[in-house]
Amino acid sequence: MNSFILLNGGLLGQEPAKSIWDISSGQDLLLVTVALFLLVGMVAVGAVALNLVFLLKKIIEPDAQTVAKPVDTRSWWQRMAGLHELNQEKNLTMEHAYDGIAELDNPTPPWFMGLFYGTIVAGVIYLLVYHVFNPGDIMVQEYTQEMAVADKQREDYIKKVAGSINENTVTVLKDAKGIDAGKALFTQNCVACHGTNAEGKVGPNLTDAYWLHGGDVKAVFHIITEGVPEKGMMSWKKQLNPLQVQQVASYILSLQGTNPAGAKEPQGQKVATGDPVATR
């Protein structure tokens, strides 16, 4: 029976000690507030005690003579730059000297110290704003926001400029500006598989009359947009808008019959000018 009482009412039956910061009621908040006031009061009492000690030390040691501080006749700019007049050189000379060379006790210029302490304040503010209170945008958040804005601008551009261009309405561009734009996009994205002059490498030769999936502008537009994954041709609809796809397709068709050096052998079916799209 006694053992049962010890187990239930003794140390084994006690709950874990509650943390002082675990505030769950008004009474806990009052106790924590009183404790903080007492802590601040103890620090203040300690500071006052130290001040009294220094005052008593000055009273007990009357032999110590206070040196009169010379009148500072410097201009505001000299004070700001930490400059001293030549007649104050003796007052700045430090006790130690080597080989007749004396060192002056020149303090760091106030403007430099202001910059130094300013960087500390800026660092503390940055820490609080971006990593404690977290209302600021760190680099990852800023990048994400900028990408979202760019995607929105791209969608607006497509709707405004290229929204009317699709697989059914695309036409071959004949103007030099459109062809040059298509050439730039082809050089940037397509030469790895089709060669610099579209002569064919991993991908087929695009300058002859033979096509695997069609040889008119609509077929070429469709292949660039949707790709042929089973043959390694990726879809470019996320990288290029419809106007850019039209420009690339027009540039490719402008290369018909150029017969570049090192052209790859024909693949697919021959599609003559004016013939319907040949696919397989």
Quiz prompt | Closest non-hydrogen atom pair, Met233 against Ile224 | solution = CE-CA, 4.0 Å
Exercise. Search all heavy atoms of Val170 against all heavy atoms of Gln246 and return the closest pair with its distance.
Key: CG2-CG, 3.6 Å
Quiz prompt | With sequence neighbours excluded, residues passing ring pair (Phe, Tyr, Trp, His ring centres under 6.0 Å) with Phe186 | solution = Tyr251
Exercise. Please name all residues satisfying side chain to side chain donor-acceptor pair (under 3.5 Å) with Lys152, sequence neighbours left out, ordered by chain then number.
Key: Asp156
Exercise. Verify the cluster assignment for Val121 and Tyr126: are they in a single hydrophobic cluster under the rule of side-chain heavy atoms below 4.5 Å apart?
Key: yes
Quiz item: When clusters are formed by joining ILVMFWY residues with side-chain heavy atoms under 4.5 Å apart, either directly or through shared neighbours, do Val202 and Val191 land in the same one?
Solution: no
Quiz item: Which pair of non-hydrogen atoms, one from Ile179 and one from Ser254, has the smallest distance, and what is that distance?
Solution: CG2-OG, 4.2 Å
Quiz item: Linking I/L/V/M/F/W/Y whenever their side-chain heavy atoms sit closer than 4.5 Å, directly or via other members, would Leu240 and Ile252 fall into one cluster?
Solution: yes
Quiz item: Sequence neighbours excluded, which residues qualify as ring pair (Phe, Tyr, Trp, His ring centres under 6.0 Å) partners of Tyr143?
Solution: none
Quiz item: Are the side chains of Val220 and Leu206 in touch, meaning some heavy atoms are under 4.5 Å apart?
Solution: no
Exercise. Indicate the atoms forming the closest heavy-atom contact of Phe221 with Val245, along with that distance.
Key: CD1-CG1, 3.4 Å
Quiz item: Going from CD1 on Ile120 to OH on Tyr117, what distance comes out if it is rounded to the nearest 0.5 angstrom?
Solution: 7.0 Å
Quiz item: Is a side-chain N or O of Gln244 found less than 3.5 angstrom from the main chain of Asn241, in a donor-acceptor match?
Solution: yes
Self-check item: Separation between CG of Leu185 and CG of Leu243, rounded to the nearest 0.5 Å
Solution: 9.0 Å
Quiz item: Can you tell me how far NZ of Lys174 sits from CG of Leu253, rounded to the nearest 0.5 angstrom?
Solution: 8.0 Å
Quiz item: Can you name the closest pair of heavy atoms from Leu212 and Gln267 and give their distance?
Solution: CD2-C, 3.9 Å
Self-check item: Partners meeting side chain to side chain donor-acceptor pair (under 3.5 Å) with Lys237 (sequence neighbours left out)
Solution: Glu226
Exercise. Supply the atom-to-atom distance Thr144 OG1 to Met147 CE, rounded to the nearest 0.5 angstrom.
Key: 9.0 Å
Quiz item: Quick one: CG on Asn259 to CG on Asn197, what's the gap to the nearest 0.5 Å?
Solution: 11.5 Å
Quiz item: Roughly how far apart are Phe116 CZ and Trp111 CH2, rounded to 0.5 Å?
Solution: 13.5 Å
Exercise. Sequence neighbours left out, what passes side chain to side chain donor-acceptor pair (under 3.5 Å) with Thr207? Give chain and number order.
Key: Asn205
Quiz item: Gln256 and Trp211: which non-hydrogen atoms are nearest, and at how many Å?
Solution: NE2-CZ2, 3.2 Å
Quiz prompt | side chain to side chain donor-acceptor pair (under 3.5 Å) partners of Glu167, counting only residues at least two apart | solution = His222
Quiz prompt | Side-chain donor/acceptor of Asp208 to backbone N/O of Tyr210, under 3.5 Å | solution = yes
Quiz item: Given side chains that start at C-beta, do those of Gln239 and Gln188 come closer than 4.5 Å, heavy atoms only?
Solution: no
Exercise. Determine, using the 4.5 Å side-chain heavy-atom cutoff (strictly less than), whether Val40 and Leu38 are members of one ILVMFWY cluster.
Key: no
Quiz item: Going through the distances and angles, do Val217 and Thr171 end up as a side-chain contact (heavy atoms from CB on, under 4.5 Å)?
Solution: CA-CA 7 Å; Val217 66; Thr171 58; 5.7 Å; no
Exercise. Verify the cluster assignment for Leu255 and Trp236: are they in a single hydrophobic cluster under the rule of side-chain heavy atoms below 4.5 Å apart?
Key: yes
Quiz prompt | Heavy-atom donor-acceptor pair, Glu199 side chain to Lys264 backbone, under 3.5 Å | solution = no
